[in-house]
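Here the structure comes first, spelled out in structure tokens, and everything after it is commentary.
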Amino acid sequence: MYIYDSVKKEKREFIPLEANKASLYVCGPTVYDDAHLGHAKSALVFDLLTRVLRAYGYDVTYARNITDIDDKIIKKAKEQNKTIKEITDFYTEAFHKEMSSIGVERPDIEPKATESIDAMIELIQKLLDNNHAYTTPDGDVYFDTQSDSEYLTLSHRIQDEDERQERVESSGYKKNQADFALWKSVHDDSISYDSPFGKGRPGWHLECSAMIEKHLAKPNTQYAVDIHGGGADLLFPHHENEAAQTRCATNHALANYWMHNGFVTIDGEKMSKSLGNSFFLKDALREYDGEVLRFYLLSTHYRSNFNFNTQDLESAKKRLDKIYRLKKRLFGLTHNEERTPFQKKLLEALGDDLNISAALALIDEMVTHANETLDTAGKHKVLKRETLANLAYIEKVLGFGVKNPYEYFQFGVDEATKAKINTLIATRNEAKKAKDFERSDALRDEILALGVQIMDTPQGTFWEKV
RNA sequence: GGUGCCAUCGCCAAGUGGUAAGGCCGCAGCCUGCAAAGCUGCUAUCCCCAGUUCAAAUCUGGGUGGCACCUCCA
């Protein structure tokens with residue numbers, strides 16, 4: 001399997017630290033607001049990566065954190081007159097629910113920042129002991145970027161000479177402008193934790209390093225984890241700082257492979273709070289089946305930026321529909337797991353840095369071939385068996401086609417309408433039987449007016465929401 | 001201003017030196033009472049200019065255009 005390493009900037013063969021095992025850490029959400037499509041994209045990308053690694057036979061340990069202590073959370077809690085925990089519990093649960101509806105499996109480990117304070121304090125203490133951090137008179141602890149000769153090697157940034165030397169005064173007690181807080185002292189009655197450095201809260205970058213040490217890192221390895229992932233915007237400063245902390249506090253570097261997913265944009269612009277163009281996942285889920293969103297968001301290579309629009313979403317849906325229609329044709333048949341050449345090719349495509357386009361093209365060809373054979377030789381047992389095995393494989397590795405195919409096509413149709421449609425179809429079939437085509441066509445138009453397309457097949461008349 | 005990424009059919013999108021995958025849309029046909037679905041066929045020389053090479057969408061240089069990071073951000 002090959003992975004594009006966004007730090008080394010090249011595709012590299014994946015060689016794990018420990019044979020047959022793979023550890024993966026991904027920066028998760030700060031739970032103070034609803035997840036938007038960008039969060040969905042990131043979660044989907046690493047969900048796919050995990051599935052592919054497992055398909056390759058790796059025993060994967062996947063950790064994704066929940067940041068549940070942060071200034072923004074505190075601000076929101078104050079605004080809504082709620083406790084921090086009420087806020088974070090609410091958004092954590094919403095996050096889980098929404099991710100689940102787009103087929104994202106739960107990570108193996110989901111550490112919360114508030115449950116890892118000890119590990120963070122331990123890490124800060126090590127950095128202080130190693131002279132990679134310093135305390136300020138007002139009780140903050142900063143990482144000393146000048147003490148780390150490898151600082152900025154991750155993001156390939158060139159340190160600005162002006163920044164280095166000039167602004168010591170303007171940044172309080174910081175030695176260098178680039179230094180970042182490991183511990184922010186708290187002097188008022190807002191939420192804080194006790195520490196050897198005084199009451200305070202952990203810095204933003206610290207928790208990931210601490211949690212990786214606590215949950216994933218193995219002693220005496222060159223890297224703490226095999227793969228570290230996150231959104232492209234996290235490379236600097238977040239990952240740069242994480243890497244610096246880990247490198248300076250422990251005897252290993254943070255990650256062997258770095259993976260960064262591209263952004264979801266709307267009208268060509270990155271979604272952001274300040275632009276007011278966020279598209280929340282919960283809103284999208286009201287209009288579209290979660291799996292359609294999964295398929296659409298995953299249909300472009302993970303490193304590319306992704307411009308969201310409903311026209312493209314519709315055309316992605318039509319592509320997914322074809323998988324489900326094939327499922328319908330084979331509905332009710334049982335099958336066993338079976339390896340086919342198709343599956344091998346599919347995995348090879350995905351193993352090439354998650355080349356989803358190549359994988360989807362293979363699926364399209366498989367579906368077309370299966371339909372063609374079913375059209376001409378409906379009783380082709382081997383084909384049916386292999387196709388079912390292939391569809392099951394697609395479900396497992398890509399998470400496409402996991403639903404009941406009939407229900408999939410009925411998304412957003414309420415029970416009363418369903419009953420009405422079934423009645424109309426029954427009436428139409430009677431008219432058809434009596435060869436009263438004028439009536440049957442009129443009934444079909446009536447059904448179409450409900451936003452439903454019907455299709456007559458040898459197995460009966462089926463309908464799909466348009 | 002600094003750094004980096006990108007530019008392939010109407011739209012989405014693979015392809016990193018050997019002569020352009022796939023999907024959507026469109027057109028023609030098969031099937032169908034008619035449709036829908038399914039199937040078959042048709043549709044690009046790769047932003048511009050120059051260079052390297054037997055050979056470039058793919059490498060180099062120069063343009064033009066778009067985006068991102070440098071501040072919280074998936």
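In what follows, chains are A, B, ... by sequence order, proteins preceding strands, each numbered from 1. All values below come from the heavy atoms of this structure, side chains included, with hydrogens, waters and symmetry mates left out. Since this is a predicted model, take the numbers as computed values, not measurements.
For A:Lys322, taking side-chain heavy atoms from C-beta onward, the closest of the listed nucleotides B:rA74, B:rC34, B:rC24 is B:rC24. Of the candidates B:rC34, B:rG38, B:rG4, the closest approach to any side-chain atom of A:Lys9 belongs to B:rG4. Proximity note for A:Asp364 (side chain, C-beta onward) versus B:rG23, B:rC34, B:rA74: the nearest is B:rG23. Nearest to the side chain of A:Asp233, among B:rC69, B:rC39, B:rG22, sits B:rC69. Checking B:rG2, B:rA68, B:rA36 against every side-chain atom of A:Arg157, the shortest atom distance belongs to B:rG2. Of the candidate nucleotides B:rC34, B:rA74, B:rA36, B:rC34 has the atom nearest to the side chain of A:Asp456. Picking from B:rC34, B:rG2, B:rG38 the nucleotide with the shortest atom distance to the side chain of A:Asp441 gives B:rC34. Distance from the side chain of A:Glu372 is smallest for B:rC39 among the nucleotides B:rA74, B:rC39, B:rA37.
Nucleic acid contact for A:Leu234: sugar-phosphate only, since backbone atoms but no base atoms lie under 4.0 Å from a heavy atom of the residue. Nucleic acid contact class of A:Gly38 (heavy atoms, under 4.0 Å, all strands): base. In this structure, A:Phe263 reaches the bases: a heavy-atom distance under 4.0 Å links it to at least one base atom across the strands shown. No engagement by A:Val26 is indicated, since no non-hydrogen atom pair under 4.0 Å with the nucleic acid exists.
Across B:rC67 and B:rC12, the matching P atoms stand 15 Å from one another, rounded to whole Å. Nucleotides B:rU16 and B:rA21 place their P atoms 14 Å apart, quoted to the nearest Å. Spacing of C1' atoms, B:rG17 relative to B:rC54, comes out at 12 Å, to the nearest Å. Comparing the C1' positions of B:rC59 and B:rG15 gives an interatomic distance of 16 Å, to the nearest angstrom. On the C1' atoms, B:rC24 is 34 Å away from B:rG63, given to the nearest whole Å. The separation of B:rC34 from B:rC30, taken at their P atoms, amounts to 11 Å, rounded to a whole angstrom. Straight-line distance between the C1' atoms of B:rA44 and B:rC25: roughly 15 Å, to the nearest whole Å. Nucleotides B:rU64 and B:rC48 have their C1' atoms positioned 7 Å apart, rounded to a whole Å.
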Discussion item. Using a 4.0 Å heavy-atom cut-off to protein, can you give one letter per nucleotide of nucleotides 6-19 of chain B, 5' to 3': B if the base is in contact, S if only the sugar-phosphate is, - if neither?
Written reply: -----SSSSS----
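Taken from NE2 in A:His301 to CZ in A:Phe306, the straight-line distance is 13.5 Å, to the nearest 0.5 Å. Here A:Glu291 contributes atom CD and A:Leu320 contributes atom CG; the two are 5.0 Å apart, rounded to the nearest 0.5 Å.
A:Ile323 has its CD1 atom 12 Å from the P atom of B:rG38, to the nearest Å. Going from atom NZ of A:Lys433 over to atom P of B:rG33 covers 16 Å, rounded to whole Å. Going from atom CZ of A:Phe180 over to atom C1' of B:rU71 covers 16 Å, rounded to whole Å.
A salt bridge links A:Glu464 to A:Arg325: at least one charged side-chain nitrogen sits closer than 4.0 Å to a carboxylate oxygen. With respect to the salt-bridge test (charged N to carboxylate O, under 4.0 angstrom), the residues A:Asp283 and A:Arg286 qualify. Looking at A:Asp364 and A:Arg319, a side-chain N of the basic residue comes within less than 4.0 Å of a carboxylate O on the acidic one, giving a salt bridge.
If you check B:rC34 for Watson-Crick or wobble pairing at under 3.5 angstrom, you find it has no partner at all. B:rA28 and B:rU40 make up a base pair, with Watson-Crick or G-U wobble contacts both under 3.5 Å. B:rA7 is paired with B:rU64 under the criterion used here, namely a Watson-Crick or G-U wobble arrangement in which both key atom distances are under 3.5 Å. For B:rC69, the paired nucleotide is B:rG2, the pair qualifying as Watson-Crick or G-U wobble because both relevant distances are below 3.5 Å. Pair assignment for B:rC46: none, as no Watson-Crick or G-U wobble contacts are both less than 3.5 Å. With a cut-off of 3.5 Å on both Watson-Crick or G-U wobble distances, the partner of B:rC59 is given as B:rG51. For B:rU19, there is no paired nucleotide, since no Watson-Crick or G-U wobble pair has both relevant distances below 3.5 Å.
In summary, the side chains of A:Asp179 and A:Thr145 do present a donor paired with an acceptor at a separation below 3.5 Å, with no hydrogens or angles considered. For the residue pair A:Asn65/A:Glu110, the side-chain donor-acceptor check at 3.5 Å is not satisfied. Side-chain contact of A:Ser23 with A:Thr61: a donor-acceptor pair under 3.5 Å is absent, judged by distance alone.
Residue order along RNA chain B, read from the 5' end via each residue's closest nucleotide, puts A:Lys318 first among A:Gly28 and A:Lys318. Comparing A:His369 and A:His205, the nucleotide of RNA chain B nearest to each residue sits closer to the 5' end for A:His369.
For the pair A:Thr368 and B:rC39, the criterion of a side-chain N or O lying under 4.0 Å from OP1 or OP2 is met.
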Item to complete: Please assess A:Asp47 against A:Arg51 for the test salt bridge (Lys or Arg N to Asp or Glu O under 4.0 Å), listing each intermediate value before the final yes or no.
Response: CA-CA 6 Å; A:Asp47 178 67; A:Arg51 289 165 182 257; 2.8 Å; yes
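When atom types are taken as modelled, the side chain of A:Lys327 and the backbone of A:Gly401 share a donor-acceptor pair closer than 3.5 angstrom.
Shown here are the ring pair (Phe, Tyr, Trp, His ring centres under 6.0 Å) partners of A:Phe95, two or more places apart in sequence or in another chain: there are none.
Judged by distance alone, with hydrogens and angles left aside, A:Arg303 brings no side-chain donor or acceptor close enough to the base of B:rC5 to form a pair under 3.5 Å. Below the 3.5 angstrom threshold, one finds no donor paired with an acceptor across the side chain of A:Arg325 and the base of B:rA37.
In this structure, the ring of A:Phe279 has its center no less than 6.0 angstrom from the ring center of A:His36.
Figure legend: cation-pi geometry between A:Arg157 and A:Phe236, with NZ or CZ positioned under 6.0 Å from the six-membered ring centre and within 45° of its axis.
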So which protein nitrogen or oxygen atoms get under 3.5 Å of nucleotides 27-30 of chain B's nitrogens or oxygens?
none

